[in-house]
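Have a look at the structure below, then the notes.
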Amino acid sequence: MPQVEVKKDESFESALRRFKRQIEQEGILRELRDRKHYEKPSERKRKKSRRTRK
């Protein structure tokens, strides 16, 4: 679980940017999008093979 502590004299916006960067680096948003809809294993395999071709 990513956490960001707001430092003394730090704006909320900069702390939010740091938090978003952490989430992106950990791949949480990507995983959330992937889990949003169920994907059959055969579909997953097709997508994976398409990605490797590119």
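What's counted below: heavy atoms across the whole structure, side chains too, no hydrogens, waters or symmetry copies. None of the values given here were measured: they were computed from a predicted structure.
To the nearest 0.5 angstrom, R50 atom CZ is 7.5 Å from R53 atom CZ.
Looking at residues two or more places apart in sequence or on another chain, you find a side-chain hydrogen bond (donor to acceptor under 3.5 Å, both in side chains) between S11 and S14.
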Distance-only donor-acceptor pairs under 3.5 Å for side chains of residues 34-41, two or more places apart:
residue : atom : partner : partner atom : Å
R35     : NE   : E31     : OE2          : 3.2
R35     : NH2  : E31     : OE2          : 2.9
E39     : OE2  : K47     : NZ           : 2.7

Atom pairs and distances, side-chain donor-acceptor, residues 21-28, under 3.5 Å, sequence neighbours left out:
none

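Under the salt bridge (charged side-chain N to carboxylate O under 4.0 Å, His left out) criterion, the residue pairs touching residues 1-16 are E10-R18, with sequence neighbours excluded.
More than 12 heavy atoms of other shown residues, nucleotides or ligands fall within 6.0 angstrom of atom CZ in R44.
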